[in-house]
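The structure appears right after this line, and notes come after that.
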There are 2 protein chains.
Amino acid sequence: MTEPASSAERPAPTRAQRHTRGPAPTLHDVAREAGVSLATASRVLNGSERKVAESFRERVEAAAAELGYTANVSAQATARGTSPVIALLVADIADPYFGLIASGVARGADEHGLVVTVAITDRDPARKARIVRALRGQRPRGLILAASGTQEPIEADVAHDLAEFSRLGGRVVAFGPGSGVERSIEIDNRSGAEALGRRMAERGYRSAIALGAAEGVWTSDDRLAGFRAGFEASGGAVVRTLRGGFLRESGAESMAAALADGVPTGTLVFAITDVVAIGAMSAIRDAGREIGADIAVCGFDDVPASSDVSPALTTVRVPLSEVGYQAFRATVDADWEQAPLPLDVVVRASTPGVPR
Amino acid sequence: MTEPASSAERPAPTRAQRHTRGPAPTLHDVAREAGVSLATASRVLNGSERKVAESFRERVEAAAAELGYTANVSAQATARGTSPVIALLVADIADPYFGLIASGVARGADEHGLVVTVAITDRDPARKARIVRALRGQRPRGLILAASGTQEPIEADVAHDLAEFSRLGGRVVAFGPGSGVERSIEIDNRSGAEALGRRMAERGYRSAIALGAAEGVWTSDDRLAGFRAGFEASGGAVVRTLRGGFLRESGAESMAAALADGVPTGTLVFAITDVVAIGAMSAIRDAGREIGADIAVCGFDDVPASSDVSPALTTVRVPLSEVGYQAFRATVDADWEQAPLPLDVVVRASTPGVPR
DNA sequence: TCCAAGTGCCCACGAAGAAGA
DNA sequence: CTCTTCTTCGTGGGCACTTGG
């Protein structure tokens with residue numbers, strides 16, 4: 001290689017404008033500069049089975065370096081018929097839940113030299129439908145639907161697009177069950193919540209208020225049902241279920257409403273999400289009540305913030321980043337099988353337990 | 001349109017394999033199906049100034065719908081010479097700081113029908129260099145560097161790639177100063193931290209410990225310098241500066257080290273980031289000390305978690321999502337000027353003040 | 001190793017039809 | 001009724017790259 005040469009002594013200084021304004025150098029430019037054919041240049045610069053003689057390879061590489069050539073990914077994609085991208089659909093990237101998942105996906109993608117594009121649904125089904133449709137145009141290798149869905153018919157058109165998507169060779173991975181989806185990542189929300197419920201009942205709680213999202217949303221339904229099952233099987237009773245969303249504010253509002261109606265000391269609040277639980281905690285505090293001995297709170301996910309609030313939040317640990325990584329693997333591995341995702345109940349100070 | 005028709009009675013059932021396995025329908029297919037030329041189909045389906053007669057337009061649209069056609073973005077990109085993507089480079093997408101920025105970027109991109117691809121540097125300069133280089137191949141419309149950089153020479157190669165990037169027509173937007181960058185988003189870290197320092201001194205603090213990142217990292221340097229300036233101008237003294245990183249753990253470790261050496265009651269801890277501050281808080285608590293009256297803590301950013309920890313964290317509010325949105329605008333607006341980004345000190349319970 | 005035929009799409013141009021004088 | 005002048009569609013070349021022969 002002759003790279004340390006200053007730009008003054010180029011082999012063939014025909015194109016003086018090379019290092020000035022202008023379009024990106026193309027493979028064509030490299031080939032001409034190296035005095036080889038397009039095919040040869042292509043083969044040395046981009047992965048190909050066929051080998052090329054060392055002398056040619058060197059010349060091409062030198063020319064590429066000298067010109068500052070970078071392959072045009074779009075062109076490669078159209079020529080190859082497939083593009084090196086994984087599309088990730090989340091409800092809200094600022095939510096730590098999705099942030100952690102995204103980091104896992106990104107890690108995997110990165111290991112495989114793929115890029116990940118992120119789209120945000122904002123929990124709007126119509127928007128989700130639009131995005132999925134638009135994403136089809138990208139012809140990504142894989143599509144990961146992390147935004148939790150509903151079982152409503154509103155998702156029917158999305159299902160169609162997803163089916164179409166995988167028919168075209170893309171792999172669709174969704175969280176939770178879903179139609180038109182080949183592979184799905186199952187977070188065992190039900191069992192996790194059940195274990196939490198049981199554990200809480202064992203700690204002496206007998207009466208609980210549940211904070212969920214709208215009916216029909218998988219994650220919410222499963223966690224709610226699981227918690228109730230575990231809690232009631234061990235002697236507790238879920239006395240009330242409030243419906244809201246997945247936002248912090250939603251938790252605060254629901255909790256405020258509950259408090260307005262009166263919440264006896266010793267009550268346990270279960271929120272479908274740590275974020276919601278944290279919102280509830282702030283409402284409890286705002287109402288002048290105490291978290292813990294007075295009103296206990298538990299959540300789900302174990303996002304980082306949960307161990308930092310105080311009292312620290314009892315929750316169910318979900319290995320979110322790992323979940324994201326697995327979702328990625330599901331999009332690329334031919335023979336993929338979901339590895340078990342252990343969910344552990346982690347008891348912290350927000351549920352000190354009640355003396356019986 | 002005759003969409004409610006079941007797939008049984010299609011107008012021209014010539015190609016039986018249409019709805020089975022196979023490649024995506026191309027513009028060619030649509031044109032043939034509609035009995036028009038490629039050009040006409042292209043004009044109606046993809047934005048073009050030129051108009052086409054209503055009758056033709058309808059036929060093309062019907063054909064497209066019937067075939068389930070979606071334009072191949074890669075092909076469009078190579079033909080047009082530009083792709084509809086904005087690349088976003090962050091250090092860690094699971095960090096709320098970047099999560100919020102990303103959400104702002106995504107919002108903007110979405111308004112303009114652009115997709116955003118996210119790449120993670122993990123705060124590794126070499127990795128950052130690799131990514132920037134790889135991203136060049138994507139020929140994105142814009143490149144947003146949110147990962148905070150250093151002034152070290154290690155960034156030189158990145159600078160070259162960035163310059164090359166913008167020479168090719170892409171717009172590079174970076175946070176903070178940077179070479180090879182056309183536009184930059186300036187968060188006035190220095191002034192914000194200075195205001196915080198002043199305010200803290202006014203509340204009676206006289207001695208502070210600062211928790212920063214490695215020397216040479218812009219954000220860290222600016223915040224540290226600003227805080228010191230404000231705090232000392234109003235009568236305080238920064239007695240020690242510990243170097244770590246931007247992670248929660250880093251804050252915990254640095255603080256633990258400080259505590260091991262002894263930290264007098266009434267000391268204020270300033271962390272360059274809320275996340276770091278929260279880590280410090282946990283270390284303080286672990287050491288059996290009290291946050292607030294004993295050791296006060298303040299941070300920077302005002303991420304959501306800061307108002308949920310308790311005592312709630314005093315900090316400087318940075319409108320992160322708005323910052324992200326602006327960064328996006330900077331990549332697309334021809335005549336862009338940074339709108340002022342107000343930074344406000346928000347005092348909370350973690351700095352109750354000391355009686356003088 | 002090179003040639004040439006793709007990959008799916010865009011767009012400048014020329015031609016044909018309709019409308020107006 | 002003929003000769004412009006628009007309007008609008010189709011032809012062909014091109015984009016940057018891949019791949020079988």
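Chain identifiers are assigned alphabetically (A, B, ...) following the order of the sequence lines, protein sequences preceding nucleic acid strands; residue numbering begins at 1 within each chain.
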Quiz item: Atom CG of A/L67 to atom P of D/dA16: distance rounded to whole Å?
Solution: 13 Å
Self-check item: Length of the CG-C1' vector between A/N72 and D/dA16, whole Å
Solution: 6 Å
Quiz item: Can you check the A/E49 CD to D/dG21 C1' distance for me, whole Å?
Solution: 16 Å
Self-check item: Contact letters for nucleotides 1-6 of chain C, in which S counts primed atoms plus P, OP1 and OP2 and B counts the base, heavy atoms under 4.0 Å
Solution: BBB--B
Exercise. State whether A/R32 and A/D29 are salt-bridged, where the test is any N-O pair (Lys NZ or Arg NE/NH1/NH2 against Asp/Glu carboxylate O) under 4.0 Å.
Key: yes
Quiz prompt | B/L27 CG to C/dC10 C1', straight-line distance once rounded to whole Å | solution = 10 Å
Quiz item: Should B/Q76 be listed as having a side-chain N or O under 4.0 Å from OP1 or OP2 of C/dC10?
Solution: yes
Exercise. Nearest whole angstrom, please: distance from the P of C/dG8 to the CZ of A/R136.
Key: 15 Å
Quiz item: Closer than 4.0 Å, any side-chain N/O of B/N46 to the OP1 or OP2 of C/dC9?
Solution: no
Exercise. Check each of B/R167, B/R133, B/K128 against B/D161 using the salt bridge (Lys or Arg N to Asp or Glu O under 4.0 Å) test, and report the only one that passes.
Key: B/R133
Practice problem: Report yes if a side-chain nitrogen or oxygen of A/S42 is closer than 4.0 Å to either non-bridging phosphate oxygen (OP1 or OP2) of D/dT18; otherwise report no. | Solution: yes
Quiz item: For the pair made of NE2 in A/H28 and C1' in D/dA16, what is the distance, rounded to whole Å?
Solution: 10 Å
Self-check item: From CD1 (B/I93) to CD1 (B/I101), nearest 0.5 Å
Solution: 9.5 Å
Quiz item: When all nucleic acid strands are considered with a 4.0 Å heavy-atom cut-off, which category describes A/T26: base, sugar-phosphate, or nothing?
Solution: sugar-phosphate
Exercise. Check step by step if side-chain contact (heavy atoms from CB on, under 4.5 Å) holds for A/V116 and A/L114.
Key: CA-CA 7 Å; A/V116 8; A/L114 300 176; over 6 Å; no
Quiz item: What pairs with A/E111 under side chain to side chain donor-acceptor pair (under 3.5 Å), at least two apart in sequence or on another chain?
Solution: A/Y325
Self-check item: base_contact_polar (C/dG8 base, B/S74 side chain, donor-acceptor, <3.5 Å)
Solution: no
Exercise. Looking at every strand, decide which applies to A/A71 at a 4.0 Å heavy-atom threshold: base, sugar-phosphate, or nothing.
Key: sugar-phosphate
Quiz item: Are B/R141 and B/T331 close enough that a side-chain donor and a side-chain acceptor fall under 3.5 Å?
Solution: no
Practice problem: Could you check how far CG of B/L45 sits from P of C/dC10, rounded to whole Å? | Solution: 9 Å
Quiz item: Under 4.5 Å between any side-chain heavy atoms of B/V173 and B/I185, yes or no?
Solution: yes
Quiz item: Just how far, in rounded Å, is C1' of D/dC17 from CZ of A/R80?
Solution: 8 Å
